[in-house]
Every structure is written in structure tokens, then in C-alpha cells.
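Have a look at the structure below, then the notes.
As a basis for the values below, the full set of heavy atoms in this structure was taken, side chains included, without hydrogen atoms, waters or symmetry mates.
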Amino acid sequence: MLWPDFIEETKTYLINGLKKYFLVALSAFALILSFPPFDLYFLAWFCLLPFFFFLYKTTDYKTIFKGGLIFGFLYFLGNVYWIYHSLYYYGSVPLILSYFIVALLALYLALYPAFFALIYKNLFKNMLPTSFYAPFIWVSLEVLRNYLFTGFPWAIIGYTQYKFLIIAQLADITGIYGISYLVILFNCFIFDLLIFKKNKIRYPLLSYIPTVISIILVFLVFLLTIGYGIKRFYEPINGKIFRVAVIQGSIPQNEKWDFNKINEILNIYKNLTHQAKTYNPQLVVWPETAVPFIFEKNKYFSSELVNFVKEQNIYLLFGSIMERQQDKYTNSAVLIDPNGIMAYYYDKIHLVPFGEYVPLRKILFFIDKLTVGIGDYQAGNGYNIATTPFGNFATLICYESIFPGQVRKFYQKGGSFIVNITNDGWFGTTSGPYQHFSMAVFRAIENRKPLIRAANSGISGFIDSKGRIISKTKLFERVYLVEDIHENDKVSFYTRYGDIFAYVCIIFSLIFIIGNIKFGGKKWLHLRI
């Protein structure tokens with residue numbers, strides 16, 4: 001083949017591909033814009049319509065799978081691209097390889113929408129309104145993504161609605177998955193209305209009854225959701241008020257573990273704490289691994305920090321590396337009381353793969369973790385609660401805040417507020433820190449607890465038990481915030497019973513899939529890609 005012919009054929013192939021999958025790409029880009037930092041959350045309620053029309057028009061299952069894969073790849077690539085930043089700038093991974101790793105992760109995550117597309121199309125042949133089954137399928141796959149291979153529940157579609165607080169209040173019953181269900185349900189409902197006339201022309205005997213039932217049910221679901229949201233959003237919070245300061249040191253990652261910088265870093269946190277102390281906070285919170293030494297093992301700096309707390313007469317919560325056994329290190333949170341006594345500690349349970357430990361270390365011996373330290377960190381195993389005069393709380397370290405099932409375990413027997421300490425400096429000014437902060441809104445709503453967040457480089461802030469952002473910092477500013485917080489001792493339905501709604505979605509999904517297979521919808525099972 002001559003070179004000009006090859007160029008022409010490649011050009012034709014690309015143009016045809018763009019035409020074929022344009023609707024798929026349109027849905028993915030609209031969905032990306034629904035998430036932080038763009039926050040065009042209203043787009044989420046319509047973003048899947050182009051994707052659904054693509055599935056409606058396409059009959060070839062191979063093309064359907066590819067379409068779902070492309071949609072998922074673009075959707076996740078636009079939401080997890082920030083991982084390259086930590087790999088390249090702090091993991092010594094070459095830039096091209098960093099891009100490749102992120103693309104590989106996005107491709108894996110794209111399998112979930114791809115399988116959704118296959119299942120959706122097969123069930124669609126039954127001529128039931130898609131609102132009957134598609135939301136259940138979508139949520140079930142999100143739940144699966146939360147647990148499979150240690151779990152990575154980033155970019156769950158419900159998170160787009162962290163500013164739509166009337167709708168978001170439902171999360172204290174259903175968790176974040178209930179919000180995802182509503183978003184998909186509305187997309188399906190609009191799609192069903194748009195295609196009903198076409199289907200009626202194609203199938204004159206098609207009954208109006210399922211569509212009428214769908215309209216009534218969707219109307220009732222949103223009416224009840226909005227009514228419940230208004231009730232919860234405007235009811236008073238009767239908890240005690242206490243004052244908290246969060247300190248954002250904004251320590252550069254390349255200086256954080258420099259031994260010669262220990263005094264300088266400690267002085268930054270001490271000076272900011274001195275300034276915040278003029279507002280008389282009862283609790284001061286420093287970020288994840290704020291102290292640049294191993295607490296207790298380094299006697300000199302540990303003693304200096306304890307003396308500082310006694311002088312300030314405060315409760316200080318900070319992040320530190322701890323040595324629990326010889327050469328066994330944990331990523332921990334420590335609370336020092338005004339008497340200089342360690343009143344509480346918590347060792348991080350859900351470690352970050354490749355960030356804090358390397359899975360399959362014997363096989364992947366050539367890879368090192370991103371965080372500076374000695375060997376792999378050890379996971380904690382205790383859901384410890386701190387008891388203080390101003391309330392009881394648990395500490396979420398870093399990305400533990402994105403796992404709703406883990407967070408609720410701390411509060412099943414009660415608690416007053418949530419503290420999240422993190423270091424999002426790994427992600428620079430990408431969308432990562434914005435998305436991470438937005439997820440904390442739902443942990444506050446799900447458990448009906450105000451949330452206090454201290455991040456090394458931002459975003460730090462305060463969220464009340466209704467999900468309202470009281471105040472927050474900008475990225476990479478050295479600053480402190482002080483706020484009065486209403487504690488909340490109530491145990492929400494979600495905290496007490498967990499992901500019942502998610503399990504219901506899984507059960508209904510299985511009923512639809514098994515029923516479809518039993519009554520003849522077997523073609524997709526024999527698909528060869």
C-alpha cells in the first residue's frame with residue numbers, strides 16, 4: 001500500500017469512527033463537566049441521553065460494547081487524569097509511562113459502563129421503559145466498583161450533586177448510591193418519553209400502560225425525595241456548639257521529609273496555631289502527616305510538640321507516622337490533650353495501593369510506593385473513637401473519606417462530628433483536590449455529622465451535618481480557619497443499616513438479568529469481542 005493511500009484510509013477510518021461514536025463522546029464530556037471543578041451539576045440530569053440514543057440506534061453488540069468502553073474511558077479519563085501528576089512529579093515515573101498508567105486505569109474503569117451498555121441493550125428489547133431497570137443496573141455496577149480490587153469509588157455519578165442539597169439529603173437513608181439512582185432515573189425517564197412516539201409507530205400494539213406507570217412512579221419518587229429533602233434541610237440542629245481551628249500549612253512535597261526542614265515546618269504550624277488561638281478554639285486540627293518526624297520515636301521533637309500543646313492549652317489533632325512494632329510503621333492520627341497526654345490515636349485502615357504500599361510486592365518488586373517512608377505502611381484494624389469534653393469523633397485519613405461503608409462503621413454507636421485529615425498536595429492544581437473535597441459533603445449528610453477537614457495544601461474547610469459548606473480554603477495557601485460547629489449525636493438510617501438501598505438495586509438487577517436470560521435474551525452472553 002502506498003503511503004498516501006494509507007493516510008487516506010486512516011483519515012476515513014477516524015472520521016467514520018468519530019461519526020459513529022459522537023453521541024457517546026458527547027455524553028462523556030457532559031458528564032465530566034458535571035463534576036468539580038466545573039460543577040455544572042445540572043448537566044448530569046441529561047448527560048446520558050446521547051449515550052442512550054446511541055444504544056437505541058445500534059444493533060450490533062460488538063459496537064455497543066465498544067461504545068460503552070469509549071464512553072467509560074473518556075468519562076473516567078476526564079475524572080482521574082490527576083493521578084499522572086503524583087506519579088510523574090513525586091513517584092519518579094516518566095511522563096509517558098504516567099499517562100499510560102492513567103489510561104490503563106481509565107480503561108479498566110470503562111469496563112463497568114461497557115457491561116452496563118450490553119445489559120441495558122439486552123433488557124431494552126423487552127420494550128419496558130428503561131426507568132424500570134437501567135438505574136438499578138448502573139448503581140449495582142457502581143457498588144461493584146466500590147469493592148472490587150480494594151475498591152475505587154471515584155467519580156460515582158451521584159457526587160455531581162453535592163451542591164444540590166435538597167436532593168442530596170436523601171443520602172442519610174440510601175447513601176451516595178441513592179443519588180446516583182435519581183440521576184440515572186431522570187435520564188431514563190426523559191429518554192423514555194422521547195422515544196415512546198417512535199416505538200408506538202414501529203409497534204402499533206405497544207401498550208401505554210408501562211409508560212403511564214413509569215411516569216407516575218418517577219413523579220412519586222421525586223416528589224417524596226424533594227419533600228424529604230426540604231424537611232431535613234430546614235429542620236433545626238440542636239447539638240452543642242464548639243469552636244475548631246484547622247491549619248493549612250501548605251508544605252511543598254519536596255520539603256516535607258527533609259530532615260533539615262523539621263524546625264521550619266513545625267514553626268509554620270505553630271505560628272498559624274498561635275494566630276488561630278486568639279479565637280479560643282477548643283480543638284486545633286493539623287493535616288495528615290503534618291509533623292515531619294516519627295512521633296514518639298523521635299524523642300526530642302515529640303517532647304517539643306507536647307510542650308507546645310500544654311502551653312497553648314488546647315486539644316491538638318495531627319497526622320504522623322508511628323512505629324507500632326519494630327520497623328512496622330502506620331499512617332496515624334494522634335490527639336494530644338491540654339495536659340500533654342496522648343488521649344487518642346487511630347491507625348489508617350484503608351491504605352492507598354502504590355501510594356502507601358505495593359500490592360503483590362513479591363511480583364512487583366521493581367515498584368516503590370509514592371509516599372516517603374520506610375517500607376510499606378501497615379494497615380490499622382481498630383475503628384477508634386476519640387472522647388473529648390466537646391464531643392466524640394473519628395478521624396478519616398486521606399482517601400478513607402471516599403468509602404461510605406467504612407465511614408459509617410465509626411458512628412454506629414454514636415458520635416458528634418467527623419474529622420478528615422489529608423494531604424492532597426500530591427495532585428497539584430488538578431481536579432483531584434476539588435473532587436476529593438466534594439465527596440466529604442456526602443459523608444457529612446450520610447451520617448448526619450458535621451465534618452472538619454484539614455488538608456496540607458487544601459482544600460481545608462468545614463461542612464455542617466446537612467452538607468452545607470460553611471467555609472473552605474483555596475489551594476496552596478498558608479492559612480488557618482476557625483468556625484463554630486454544631487455537633488450532632490443522631491444516628492442516621494444509613495449509619496445504622498448501611499447500604500440496604502444498594503443491595504436492593506443489586507437484587508432487582510439480578511431479577512431483570514436472570515429473567516431476561518430465562519425468557520430468551522441470551523444473545524449478549526455469546527458475544528465475541
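- Proximity of a side-chain donor or acceptor of D192 to a complementary backbone N or O of T130 within less than 3.5 Å is detected.
- In this structure a side-chain-to-backbone donor-acceptor pair under 3.5 Å is missing from S250 to R478.
- Proximity of a side-chain donor or acceptor of R448 to a complementary backbone N or O of D172 within less than 3.5 Å is not detected.
- When all heavy atoms of A333 and T395 are compared, the closest pair comes out as CB-CG2, 3.7 Å.
- S460 places no side-chain N or O within 3.5 Å of a backbone atom of N456 that could act as its donor or acceptor partner.
- Screening Y89, W82, Y81 for a ring pair (Phe, Tyr, Trp, His ring centres under 6.0 Å) involving H85 leaves a single residue, Y89.
- One finds the CG atom of L451 at 5.0 Å from the CD1 atom of I463 (value rounded to the nearest 0.5 Å).
- Here the options are Y90, W426, Y99, the test is ring pair (Phe, Tyr, Trp, His ring centres under 6.0 Å), and the partner is Y84; only Y99 passes.
- Looking at V143 and D499, their side chains never come closer than 4.5 Å, going by heavy atoms from C-beta outward.
- The minimum heavy-atom distance between A44 and Q161, with the atom names listed, is CB-NE2, 3.6 Å.
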(message) Between I157 and L31, does the side chain to side chain contact (heavy atoms under 4.5 Å, CB included) criterion hold? Intermediate values first, please.
(response) CA-CA 8 Å; I157 201 168; L31 190 49; 3.6 Å; yes

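- Contact of the L77 side chain with the I32 side chain is not registered, since no non-hydrogen atoms from C-beta on lie closer than 4.5 Å.
- For the atom pair OH of Y75 and CZ of F29, the computed distance is 14.5 Å after rounding to the nearest 0.5 Å.
- Interatomic distance, I70 CD1 to F73 CZ, rounded to the nearest 0.5 Å: 10.0 Å.
- Here the side chains of F410 and F393 are not in contact, with every heavy-atom distance at 4.5 Å or above.
- No side-chain heavy atom of L43 sits under 4.5 Å from any side-chain heavy atom of T160.
- Between H436 and W154, the two ring planes are tilted [angle within 30° to 60°].
- Atom OG1 of T495 is separated from atom CG of N447 by 3.5 Å, given to the nearest 0.5 angstrom.
- Donor-acceptor pairing under 3.5 Å is recorded for the side chains of N79 and Q435.
- Side-chain contact between V504 and I506 is absent, with no heavy-atom pair separated by less than 4.5 Å.
- Side chains of E288 and N331: a donor-acceptor N/O pair is present below 3.5 angstrom, by distance only.
- For the pair K20 (side chain) and G67 (backbone), a donor-acceptor distance under 3.5 Å is absent.
- Contact detail for E446 and P404: the closest heavy-atom pair is OE1-CB, 3.5 Å.
- Of the residues listed (I184, I215, L194), the one engaging F189 in a side chain to side chain contact (heavy atoms under 4.5 Å, CB included) is I215, and it is the only one.
- A155 approaches R145 most closely through the heavy-atom pair O-NH2, 3.8 Å.
- In summary, the side chains of Q406 and E400 do present a donor paired with an acceptor at a separation below 3.5 Å, with no hydrogens or angles considered.
- Under the 3.5 Å distance criterion, with hydrogens and angles disregarded, a donor-acceptor pair is assigned to the side chains of S131 and S214.
- No option in Y112, F116, Y181, Y177 other than F116 meets the ring pair (Phe, Tyr, Trp, His ring centres under 6.0 Å) test with W138.
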(request) Start with the C-alpha gap between V93 and Y88, add the side-chain angles, then the distance that decides, and say whether side chain to side chain contact (heavy atoms under 4.5 Å, CB included) holds. (result) CA-CA 5 Å; V93 178; Y88 175 59; 5.8 Å; no

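- In this structure, CZ on F54 lies 10.5 Å from OG on S27, to the nearest 0.5 angstrom.
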(request) Test side chain to side chain contact (heavy atoms under 4.5 Å, CB included) on I459 and Y434 and set out the steps. (result) CA-CA 7 Å; I459 301 171; Y434 297 96; 3.6 Å; yes

(request) Verify ring pair (Phe, Tyr, Trp, His ring centres under 6.0 Å) between F132 and F136, making sure each step is shown before the conclusion. (result) CA-CA 8 Å; F132 281 6; F136 293 123; 9.4 Å; no

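- The pair K66-D60 does not count as a salt bridge, with every side-chain nitrogen at least 4.0 angstrom from each carboxylate oxygen.
- Of the possible polar contacts, one joining the R443 side chain to the S401 backbone as a donor-acceptor pair under 3.5 Å is found.
- Using a cut-off of 4.0 Å between Lys/Arg side-chain N and Asp/Glu carboxylate O, E477 and K474 are scored as not salt-bridged.
- Contact check for L481 versus S471: side-chain heavy atoms found under the 4.5 Å cut-off.
- One side chain, S140 or S509, offers a donor N or O that lies under 3.5 Å from an acceptor on the other.
- The cationic atom of R468 (NZ for Lys, CZ for Arg) lies less than 6.0 Å from the six-membered ring centre of F233 and within 45° of the ring axis.
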(request) Take F442 and Y162, measure what ring pair (Phe, Tyr, Trp, His ring centres under 6.0 Å) needs, and give me the verdict at the end. (result) CA-CA 7 Å; F442 281 95; Y162 81 101; 7.7 Å; no

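- No donor-acceptor pair closer than 3.5 Å links the side chain of K466 to the backbone N or O of L165.
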(request) Evaluate the criterion side chain to side chain contact (heavy atoms under 4.5 Å, CB included) for residue pair Y159 and I176; output intermediate values, then yes/no. (result) CA-CA 7 Å; Y159 285 127; I176 184 62; 3.7 Å; yes

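- Note: F191 and Y120 have tilted aromatic rings, judged against thresholds of 30 and 60 degrees for the angle between ring planes.
- What you find for I445 and A171 is that their closest heavy atoms are CG2-CB, 4.0 Å.
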(request) Could you please spell out the steps behind the ring pair (Phe, Tyr, Trp, His ring centres under 6.0 Å) verdict for Y108 and F152? (result) CA-CA 11 Å; Y108 156 68; F152 190 63; 8.8 Å; no

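- Note: Y133 and F508 fail the aromatic proximity criterion, with ring centroids not under 6.0 Å apart.
- Using a 4.5 Å cut-off on side-chain heavy atoms (C-beta onward), K256 and N423 make contact.
- Residue-environment remark: CZ (F219) stays at or below the threshold of 12 foreign heavy atoms within 6.0 Å.
- A 4.5 Å side-chain heavy-atom check between F46 and L49 finds at least one atom pair inside the cut-off.
- Note that the CG atom of L48 and the CG atom of L26 stand 11.0 Å from one another [nearest 0.5 Å].
- With 3.5 Å as the limit, one finds a donor-acceptor pair spanning the side chains of R453 and N420.
- A side-chain donor-acceptor contact under 3.5 Å links K121 to the backbone of T58.
- Counting only distance, with no hydrogens or angles, the side chain of N146 and the backbone of E142 share no donor-acceptor pair below 3.5 Å.
- With no hydrogens or angles considered, no side-chain donor-acceptor pair links S465 and H486 at under 3.5 Å.
- Across G151 and Y399, no two heavy atoms sit closer than the pair O-OH, 4.4 Å.
- Relative orientation of the F493 and Y497 rings is tilted, given thresholds of 30° and 60° on the angle between their planes.
- Under the 3.5 Å distance criterion, the side-chain polar atoms of Y411 are matched with a main-chain donor or acceptor of A394.
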